[in-house]
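Reading through the structure tokens given below for one structure.
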Amino acid sequence: MPASQQELVRRFLSVKPGRGRHSVRIALENQGFLRHIDVYLELQKRLEGHLRSVLAAKYDLQLETIPLETPPDLKFGELATPIAFELARSLRKAPKVIAHEIVATLGTVEGFAGFEVAGAGYINARLDRAAAARLIAAGETQHSSKGLLHAMVEHTSINPNKAAHIGHLRNAILGDTFVRLLRAAGQKVDVQNYIDNTGVQVADVVVGFLHLEGKSLADVRLLLEDLKQKGERIDYYCWDLYAKISQWYEQGSEEENAARKKLRYATLHELEQGNNETAEIAELISTAVLRRHLETMLRLDIEYDFLPRESEILRLKFWEAAFEQLKETGVLYYETEGKNKGCWVMTRPGAEIADGETNEYAKVIVRSNGTITYVGKDIAYHLWKFGLLGKDFCYKPFFTYPNHECWISAEHGDEPHPHFGGAQAIYNVIDARQSDPQANVIQALRGMGYTEQADRYIHFSYEMVALTPRCAVELGYDVSDEDLARPYIEVSGRKGFGVKADDLIDKLIAATRAEVDARQTGRDETERQKIAGQIAIGALRYFMLKFTRNSVIAFDFKDALSFEGETGPYIQYAVVRARNIFRKGGTTPEAVLAEFAATDPAPWLEGEAAQDIWALWLRAARRTLVLEQCISTSEPAFLAKHAFQLAQEFNNFYHRHHILTEEDPARKVFLLATAAVVLRELVVVLNWLGIESPEAM
RNA sequence: GCGCCCGUAGCUCAGCUGGAUAGAGCGACUGGCUACGAACCAGUAGGUCGGGAGUUCGACUCUCUCCGGGCGCACCA
């Protein structure tokens, strides 16, 4: 993308080296625009800097930041500041008076047409629209490379004992989109998917194979082979088995259940030990299920770089290395009194305990039987992520994507291998219910003196995806009266209650395929299927991204299968419309933008009639601003909203102005340039959201 | 009991570091395909921003309190 934009800039600057263009080129170079062209951000910074120097000169005020906002209506200009209100008290003058004084001192600023006072004391700034439009049309180059970190994003992390469901889809889509945003901003990002292959959930399905189905290791091998030949999904098989075994633990008499639970923990222990037949079954199953998860996510264009597994964290003695550091720094201490007697514990964040008191609320890290809790293992893992553990995984290739290899942790690896870990900033896409343990890990890092790392440890939390009661009934589940009265019902793998990811994707593709078949009668099977897939994935990804992270999604097929209104397909449709204009017009966006660069757009940008089109140009120019906001707040939803609003304004423009029949050739170029700019922006933003832009739909 | 999240139009949700008349989608009603494809557009109706107090020139936004809903607070992960 940056390459083609640079090309645009180059073309813009060199295609017509007439006198007019030359002056623009000089201006661009003087402003440093060739290195960083983003109209909105640049003009904001320029205005802010100028205001700051004016305030310093006139009132001897040194202000850190000056509030700038987008006025509610273009009649108030393109940028505004309410700074006069803030200064009213300290300067002992009316805001309006201050605003007038500031405007009188502002003079002229490059890129701005003028300033004025409005309302009770707002200072409104008007852009030099023609100049701004030329810059917007030229596009932008890459971001400045200052302050870029090596980041690591962990997402998906599904227990490899059952099929992925819609909750996992939200996690993976949020995580993958955020990876794309960080990369778009120029950061180096490693993508990790943590695999808990030795936990109680995997142990449970192993118990199911061994004791519910009476299968041996050889039987499990046969089953895997058999499913493969029949083209059935092992993760679906485990989904049902996991639900059955979870019930089995509670179905028997009290003595039976106690015995079954014992079996469960004995199995778990065997998995942790390794080198036995039970562990081998677990390895077979968890690896097969993991492969299925990667296939499911690949349907959504989601890829990973590295799969660290808990088995290696255990076997490669990560904990032992972490334990030493934790003891040395005093983060962990041995409890000799109270309910945690005999355990190694750490103080919880925010806890205040008087000297000599026993901290009953401490977090246990090493149990009295010597085993390590989940938080303990996670501390060791996160020390590794930051390169602070002094140990590394061994690596093996595991899953080959069209453009790169995904590696998995191993006890004895291959050489050569890429290196993971040693990140400067980490993002953990983990649901909000795990914020306590996440806080514990951060607290441990901080306690060990790794404060910088603790500050760059971001729990990218999000709320769950639940089912509406109506949806649960539709799926044929038994729903209690109590649950029927709730706004939503939590998905539960243990109960086998939920919507499987592949089922939803299949359903979406079937629905989009029906729509495509109705419209694309001239296209063949493969083309139709490709388009249907692009639209289905666009619909799904947008659906998961349109909600802000801390809003619970109450899932319903009616909403998820909708292709109208605020949806991915709506935005994709705007792209297709824009493309059709160029196709039917026998030209290209590139050619139009090159021609546009040689024109004066001023006549089409002024006056009441131009307001809507100019608003569309301004919206198109906001991409980098929105990207930065998304990254600083860890909130991809803002970009999803931006894409929708841009598409919406474009559709309005599309109806109001019929471009190809426009008789004034100069105006036609302007209208085509408008479509070219919006098309370019939509494609870039959709790509950042992981949504493809179909050629037709 | 302690902590976190949520409460905005009939439904589902936006609302940027406090700023100008509170927005969108869906649903309802009305209108628009001889146009670059109607998976679209335009219009109408619909809101005490859960209640109350406070801070402020200004509060959907910040503080406190109450009400209602959800989730955490294991020697489970």
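Being a predicted model, the structure only gives us computed values, none of them experimental. Per chain, numbering begins at 1; letters A, B, ... match sequence-line order.
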Inset, instruction - Tell me whether the OP1 or OP2 atom of B:A39 has a side-chain N or O from A:Y573 closer than 4.0 Å. - result: yes
Inset, instruction - Would you please classify the geometry between the A:F543 ring and the A:F547 ring as parallel, tilted or perpendicular, with 30° and 60° separating the classes? - result: perpendicular
Inset, instruction - Using side chain to side chain contact (heavy atoms under 4.5 Å, CB included) as the criterion, point out the one residue from A:E527, A:R523, A:R528 that pairs with A:V516. - result: A:R528
Inset, instruction - Test the A:R494-A:Y242 pair against the cation-pi criterion, namely NZ or CZ under 6.0 angstrom from the six-membered ring centroid and within 45° of the ring axis. - result: no
Inset, instruction - Can you tell me, in whole Å, how much space there is between the C1' of B:A77 and that of B:G72? - result: 14 Å
Inset, instruction - Identify whether any heavy atom of A:D204 sits under 4.0 Å from a base atom; if not, whether one sits that close to sugar-phosphate; answer base, sugar-phosphate or nothing. - result: nothing
Inset, instruction - Identify whether any heavy atom of A:Q201 sits under 4.0 Å from a base atom; if not, whether one sits that close to sugar-phosphate; answer base, sugar-phosphate or nothing. - result: nothing
Legend entry - A:S435 (side chain) and B:C4 (base): donor-acceptor pair under 3.5 Å: no
Inset, instruction - Calculate the interatomic distance between A:E564 atom CD and B:C40 atom C1'; express it in whole Å. - result: 9 Å
Inset, instruction - May I ask you to say what A:A80 touches in the nucleic acid, namely base, sugar-phosphate or nothing, with a heavy-atom cut-off under 4.0 Å? - result: base
Inset, instruction - Tell me which of A:G119 and A:S562 sits closer to the 5' end of RNA chain B, going by the nucleotide each one is nearest to. - result: A:G119
Legend entry - Nucleotide forming a Watson-Crick or wobble pair with B:G7, both distances under 3.5 Å: B:C67
Legend entry - Between B:G7 (P) and A:Y488 (OH): distance, integer Å: 11 Å
Legend entry - side-chain N/O A:N340 vs B:C75 OP1/OP2, d < 4.0 Å: yes
Legend entry - Sugar-phosphate, base or nothing in reach of A:K377, heavy atoms under 4.0 Å: nothing
Inset, instruction - May I ask you to say what A:H642 touches in the nucleic acid, namely base, sugar-phosphate or nothing, with a heavy-atom cut-off under 4.0 Å? - result: nothing
Legend entry - Candidate nucleotides B:A74, B:C73, B:C41, ranked by approach to the side chain of A:D436 - the nearest: B:C73
Inset, instruction - Determine if A:Y654 stacks with B:C36; use a centre-to-centre distance below 5.5 Å and an interplanar angle below 30° as the criteria. - result: yes
Inset, instruction - State whether A:K584 places a side-chain N or O below 4.0 Å from either non-bridging phosphate oxygen (OP1 or OP2) of B:G37. - result: yes
Legend entry - Main-chain N/O of A:G77 paired to A:N124 side chain as donor or acceptor, under 3.5 Å: no
Legend entry - For atom CZ of A:R519 and atom C1' of B:C40, their distance in whole Å: 10 Å
Inset, instruction - May I have the distance from A:D431 (atom CG) to B:A77 (atom C1'), rounded to whole angstrom? - result: 12 Å
Inset, instruction - Please name the residue in the list A:I571, A:V685, A:L616 that meets the side chain to side chain contact (heavy atoms under 4.5 Å, CB included) test with A:L646. - result: A:L616
Legend entry - Distance test, side-chain N/O of A:N159 to OP1/OP2 of B:A77, below 4.0 Å: no
Inset, instruction - Quote, to the nearest angstrom, the P distance that separates B:A45 from B:C40. - result: 23 Å
Inset, instruction - Sticking with atom P, work out how far B:U8 lies from B:G15, rounded to a whole angstrom. - result: 14 Å
Inset, instruction - Using a heavy-atom cut-off of under 4.0 Å over every strand shown, decide if A:V552 touches base, sugar-phosphate, or nothing. - result: sugar-phosphate
Inset, instruction - Considering just the side-chain nitrogens and oxygens of A:R579, establish if one lies under 4.0 Å of OP1 or OP2 belonging to B:C36. - result: no
Legend entry - For atom CG of A:L79 and atom P of B:C16, their distance in whole Å: 18 Å
Inset, instruction - Just name whichever nucleotide pairs with B:C49, Watson-Crick or G-U, keeping both distances under 3.5 Å, else none. - result: none
Legend entry - N/O donor-acceptor pair, side chain A:E86 with base B:G18, under 3.5 angstrom: no
Inset, instruction - Rounded to the nearest angstrom, tell me the gap between atom CG in A:N550 and atom P in B:A14. - result: 8 Å
Legend entry - d(OH, A:Y249; C1', B:A77) in whole Å: 14 Å
Inset, instruction - Can you tell me the distance, in whole Å, between the CD atom of A:E490 and the P atom of B:C71? - result: 6 Å
Inset, instruction - Quick one: sort the A:F323 and A:W344 rings into parallel, tilted or perpendicular, breaks at 30° and 60°. - result: perpendicular
Inset, instruction - Please state whether the phosphate of B:G25, meaning OP1 or OP2, lies under 4.0 angstrom from any side-chain nitrogen or oxygen of A:Q648. - result: yes
Inset, instruction - Describe the nucleic acid contact of A:E649 in one word from base, sugar-phosphate, nothing, applying a heavy-atom distance below 4.0 Å. - result: nothing
Inset, instruction - Taking atom C1' in both B:G46 and B:U63, compute the distance separating them and give it to the nearest angstrom. - result: 33 Å
Inset, instruction - Could you tell me whether a side-chain N or O of A:R549 sits under 3.5 Å from a main-chain N or O of A:S634, the two making a donor and an acceptor? - result: yes
Legend entry - A:T587 side chain to A:F582 backbone, donor-acceptor under 3.5 Å: no
Legend entry - Side chain of A:Y570 (C-beta onward), nearest among B:C36, B:C40, B:G70: B:C40
Legend entry - Touch class at under 4.0 angstrom, heavy-atom based, for A:V202 against every strand present: nothing
Inset, instruction - Would you classify A:F85 as touching base, sugar-phosphate or nothing, given that sugar-phosphate means primed atoms plus P, OP1 and OP2, and contacts are heavy atoms under 4.0 Å? - result: base
Inset, instruction - Scan A:I489 against the nucleic acid and name what it touches under 4.0 Å (heavy atoms): base, sugar-phosphate only, or nothing. - result: nothing
Legend entry - Rounded distance in Å between the P positions of B:C64 and B:C26: 39 Å
